[in-house]
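Take a look at the structure set out below.
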Amino acid sequence: MAGLCRLSNDATISDVISVLELDGGLIVENFLSHVTLAGLRHDLMPLLERQAVGRDDFAGTKTRRLSALFAHTRHAAAIATHPLFLKPAEHFLCQPREVWVGEDRVTLAADLRIGVTQAIQLAPGQGRQPLHRDDTAFMWKHPTNGREGRLQVICAVSDFTAENGGTLVIPGSHLWDDDRKPEMSEAIPTVMKAGSALIFLGSTFHAGGTNSTTNEYRTAAGMALDVSNVRQEENMYLSMSSDQVASYPEQIQRLLGWTAGTNHMGWVEIDGQMMDPIHLLGDADRSKLKGVGAARH
Ligand SMILES: O=C(O)CCC(=O)C(=O)O
Ligand SMILES: [Fe+2]
């Protein structure tokens with residue numbers, strides 16, 4: 001079976017979108033800069049070593065996972081804002097909707113949230129994960145007819161091979177309906193060098209592979225961008241202190257969920273008004289701020 005489509009890191013955003021539309025997933029070679037890859041290794045490897053292994057077959061009983069990546073490494077920001085990840089996510093997830101508000105026809109577009117951040121390290125002896133879709137948590141309907149809920153990236157922090165558990169992906173499975181059962185015979189392993197990345201839609205069937213014949217650890221740094229009208233799967237508000245969030249640029253603060261966006265999800269009351277929570281992180285003059293409902297009128 002042919003491998004997953006591979007693009008180089010000078011591919012265009014529309015190249016990535018076209019392959020995702022067709023196959024539901026692809027590899028971008030040399031996705032991470034040398035600095036980011038080295039930084040992720042430096043920051044995450046010692047922490048992963050101290051994590052407990054999973055307690056079930058899905059989490060992996062020989063797999064170590066480390067979540068809340070933005071609390072552990074500033075290099076997570078380069079993954080979230082990589083144009084070949086962020087821009088296709090905007091394309092698939094942030095589709096505008098026209099709604100009536102009184103006499104007005106108003107256009108709302110959901111925006112993006114970072115839904116999950118996780119480093120995943122498969123030790124020798126780890127068996128295959130069950131095939132699944134990452135948008136399962138949203139109870140999403142399939143086929144999505146173009147309305148996707150998640151774009152996922154899995155960056156190779158070590159080389160991924162067919163033997164050490166390189167993620168199994170079923171190309172084209174993003175188009176299947178909810179009754180179609182995924183079979184292992186349809187899945188192909190993600191083979192890529194450290195620094196490259198697998199990008200796939202939340203509707204694409206995949207699984208962590210088997211690491212049963214090597215003596216090497218397979219390490220990944222993964223992240224999901226989710227549409228803002230679903231709840232973030234990982235609870236970012238409990239995973240990081242507001243000081244930690246405030247230490248990042250505003251774009252990352254908003255992606256972590258400290259925003260109400262244009263569809264008013266996630267406002268917080270400030271001075272008796274429904275406000276964008278971004279104002280809790282800065283020192284803006286709150287009396288001059290407009291409430292989130294202002295856009296509706
Ligand atoms: O580790 C991998 O290759 C994939 C893991 C995965 O898909 C998951 O935990 O949802
Ligand atoms: Fe998954």
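Just so you know, ligand 1 is whichever comes first in the structure, and atom 1 is the first atom listed for that ligand.
Annotation for H132: atom NE2 counts as buried by contact number, over 12 foreign heavy atoms lying within 6.0 Å. Atom CG of N235 has more than 12 heavy atoms from other residues, nucleotides or ligands within 6.0 Å. In this structure, Y217 places its OH atom where only 12 or fewer heavy-atom neighbours from other residues, nucleotides or ligands lie under 6.0 Å away. Within a 6.0 Å sphere centred on CZ of R105, heavy atoms belonging to other residues, nucleotides or ligands number more than 12. Counting non-hydrogen atoms of neighbouring residues, nucleotides and ligands closer than 6.0 angstrom, the CZ atom of R6 exceeds 12 such neighbours.
Using cut-offs of 30° and 60° for the angle between ring planes, the F85 and F31 rings count as perpendicular. In this pair, Y248 and F70 present their aromatic rings perpendicular. The plane angle is above 60°, beyond the 30 to 60° band.
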List of N/O pairs, ligand 1 versus protein, all under 3.5 Å?
unit_1   : atom_1 : unit_2 : atom_2 : d
ligand 1 : 1 (O)  : R218   : NH1    : 3.4
ligand 1 : 1 (O)  : R218   : NH2    : 2.9
ligand 1 : 3 (O)  : T167   : OG1    : 2.6
ligand 1 : 3 (O)  : R218   : NH1    : 2.7
ligand 1 : 7 (O)  : Q129   : OE1    : 3.4
ligand 1 : 7 (O)  : H132   : NE2    : 3.2
ligand 1 : 7 (O)  : H206   : NE2    : 2.9
ligand 1 : 9 (O)  : R65    : NH1    : 3.0
ligand 1 : 9 (O)  : R65    : NH2    : 3.2
ligand 1 : 9 (O)  : Q129   : NE2    : 3.0
ligand 1 : 10 (O) : H132   : NE2    : 3.0
ligand 1 : 10 (O) : D134   : OD1    : 3.3

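Residues L112 and L93 have side chains in contact (heavy-atom distance under 4.5 Å, counting atoms from C-beta outward).
Excluding waters, the set of protein N/O/S atoms under 2.8 Å from the Fe ion (ligand 2) reads H132 NE2, D134 OD1, H206 NE2.
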* Take R150 and D135 through the test salt bridge (Lys or Arg N to Asp or Glu O under 4.0 Å) and record every step on the way to the result. => CA-CA 6 Å; R150 167 171 290 183; D135 62 12; over 6 Å; no
